[in-house]
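Below is one structure, written out as structure tokens; the observations come after it.
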Amino acid sequence: MRTIANFATRFRSGDFIIGTFVKTPDPAIVEVLARSAIDFVVLDAEHAPFSRRDLDLCLLAAREGNLPALVRVTHSDPVSIQQALDQGAAGVVVPHVRTPQEAQHVARISHFGSGGRGFAGSTRAADYTRRDIRAHLDATASSVVVVAQIEDAEAVEHSEGIAGTAGIDGVFIGPVDLCISLGKTDVSDVTVQAAISAVARGVKIARKSVGIFVGKSSDVESYRNFELNFVLVRSDQSFVLNGADAACIEIRKTVSAT
Ligand code: 3PY
Ligand code: MG
């Protein structure tokens, strides 16, 4: 069953789970998605206009619906990662991780410890001072999920090293950026598919979770051999667009047939 409390365990155990992106910075979207079959959401602060306050309200809505919510930050920035986790995100997705050294940096700034995330007991994550230091350190170590995104040509050969970095729980493949970085414009191009396959293999060797973005559900078919542990399918925007188009097409077909 989906709960925030069991998310890290499910993610790390390699259970197959399905998430989606939230691109509209409104808590109502998260509230609605919490009533769907989705296992988790990623609030996309990289490519959508989320302010710190928007993230705060969306994370509150996610709690209300017991829906694990990760935040995709803009880059490996300690401030944004700390803020997302303090606000109660279940974890972070960090785009454009290219080397094991960058992965080590991401792991360090996402966890408490020397040179790492700063500590405050006053945050939502620390239950507004109701957790003492030890309890918050322990709870955070076991519950915060850190996902490195591989989406650059130069990262492909480092996938095992990136995934194998201590403190990195999994790798999310960004097929579109990877495609562009390989000089292509079609994700189904053999060069892009070979790169995706190489990344998935590297992550599997490192025994971490591997996932990918799919623009439509049927795309999962082409990744069946990769033993994916998670997919991010579409986004709230795409569900609205496709739902509206599908309803119109169906009605026009029915009307023109009568
Ligand atoms: C990509 O395909 O580049 C992504 O970042 C998917 O979210
Ligand atoms: Mg990308």
Side-chain angles (χ1 to χ4, degrees), residues 11 16-25 29-30 33 38-50 55 58 68-77 80-81 84 89-99 102-103 106 145-159 162-163 168-200 202-203 208-223 226 228-242:
F11 188 92
F16 181 73
I17 52 175
I18 304 171
T20 190
F21 275 114
V22 174
K23 305 271 186 176
T24 309
I29 297 285
V30 177
L33 281 168
I38 211 85
D39 292 310
F40 69 106
V41 291
V42 178
L43 309 177
D44 191 7
E46 184 194 15
H47 286 300
F50 280 90
L55 286 176
C58 287
L70 306 177
V71 173
R72 179 160 74 174
V73 294
T74 53
H75 62 293
S76 55
D77 165 40
S80 343
I81 290 175
V92 286
V93 178
V94 181
H96 296 287
V97 177
R98 296 175 179 89
T99 63
E102 282 182 36
V106 167
V145 168
V146 182
V147 180
Q149 212 178 328
I150 291 188
E151 49 183 350
D152 296 278
E154 69 224 80
V156 173
E157 63 175 312
H158 296 302
S159 58
I162 291 170
I168 298 291
D169 296 296
V171 164
F172 172 53
I173 303 171
V176 181
D177 270 315
L178 187 56
C179 169
I180 291 165
S181 117
L182 288 162
K184 309 289 179 191
T185 51
D186 180 356
V187 170
S188 65
D189 185 287
V190 284
T191 313
V192 183
Q193 289 296 308
I196 290 173
S197 173
V199 174
V203 181
K208 295 286 178 72
S209 281
V210 64
I212 194 164
F213 174 74
V214 288
K216 51 187 193 312
S217 313
S218 56
D219 290 348
V220 169
E221 184 58 34
S222 55
Y223 301 130
F226 301 170
L228 292 176
N229 303 106
F230 66 99
V231 290
L232 280 173
V233 59
R234 300 180 181 260
S235 67
D236 60 307
Q237 291 172 346
S238 140
F239 290 134
V240 170
L241 272 172
N242 285 281

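Every number for a ligand or one of its atoms is a count from 1 in the order of the listing. Numbering of residues begins at 1 and proceeds along the displayed sequence.
You'll find the side chain of I162 stays beyond 4.5 Å of the side chain of S159, heavy atoms only. Within the 4.5 Å cutoff, the side chain of L43 has heavy atoms near those of the L55 side chain. Side-chain contact between P68 and D39: absent, with no pair of heavy atoms (C-beta onward) separated by less than 4.5 Å. Considering only heavy atoms from C-beta on, I17 stays 4.5 Å or farther from N229 through its side chain. Side-chain atoms of D169 and S209, non-hydrogen and from C-beta on, never get closer than 4.5 Å to each other.
Residues C179 and V187 come closest through the heavy atom pair SG-N, 3.8 Å. The two atoms that bring T20 and R234 nearest to each other are OG1-O, 3.1 Å, heavy atoms only.
With the Mg ion (ligand 2) at the apex, E151 OE1 and D177 OD2 define an angle of roughly 90° (rounded to 10 degrees).
Coordination check, E46 versus the Mg ion (ligand 2): failed, since every N/O/S atom of the residue sits at 2.8 Å or beyond.
Within ligand 1, counting atoms from 1 as listed, the ones closer than 4.0 Å to a heavy atom of E151 are 1 (C), 3 (O), 4 (C), 5 (O). Of all atoms in ligand 1, numbered sequentially from 1 with element shown, those under 4.0 Å from a heavy atom of V176 are 1 (C), 2 (O), 3 (O). Near G174, meaning under 4.0 Å from any of its heavy atoms, are these atoms of ligand 1: 1 (C), 2 (O), 3 (O), 4 (C). Numbered from 1 in the order shown, with element, the atoms of ligand 1 that lie under 4.0 Å from a heavy atom of D177 read 1 (C), 2 (O), 3 (O). Within the listing of ligand 1, atoms 6 (C) sit less than 4.0 angstrom from a heavy atom of F213. The F172 neighbourhood of ligand 1 comprises atoms 7 (O), with distances under 4.0 Å to a heavy atom of that residue.
Checked against a 3.5 angstrom limit, the closest N/O atoms of L178 and ligand 1 fall outside it. Considering backbone and side-chain N/O atoms, E46 never comes within less than 3.5 Å of an N/O atom of ligand 1. At under 3.5 Å, not a single nitrogen or oxygen of F21, backbone or side chain, sits near a nitrogen or oxygen of ligand 1.
Using a 4.0 Å cut-off between charged side-chain N and carboxylate O, R72 and D44 make a salt bridge.
Distance from atom 5 (O) of ligand 1 to its nearest protein heavy atom, with residue and atom name: Q149 NE2, 2.8 Å. The protein heavy atom nearest to atom 7 (O) of ligand 1 is R72 NH1, 3.1 Å.
Using cut-offs of 30° and 60° on the angle between ring planes, the pair F11 and F230 is tilted.
Of the heavy atoms in H47, none comes closer than 4.0 Å to ligand 1.
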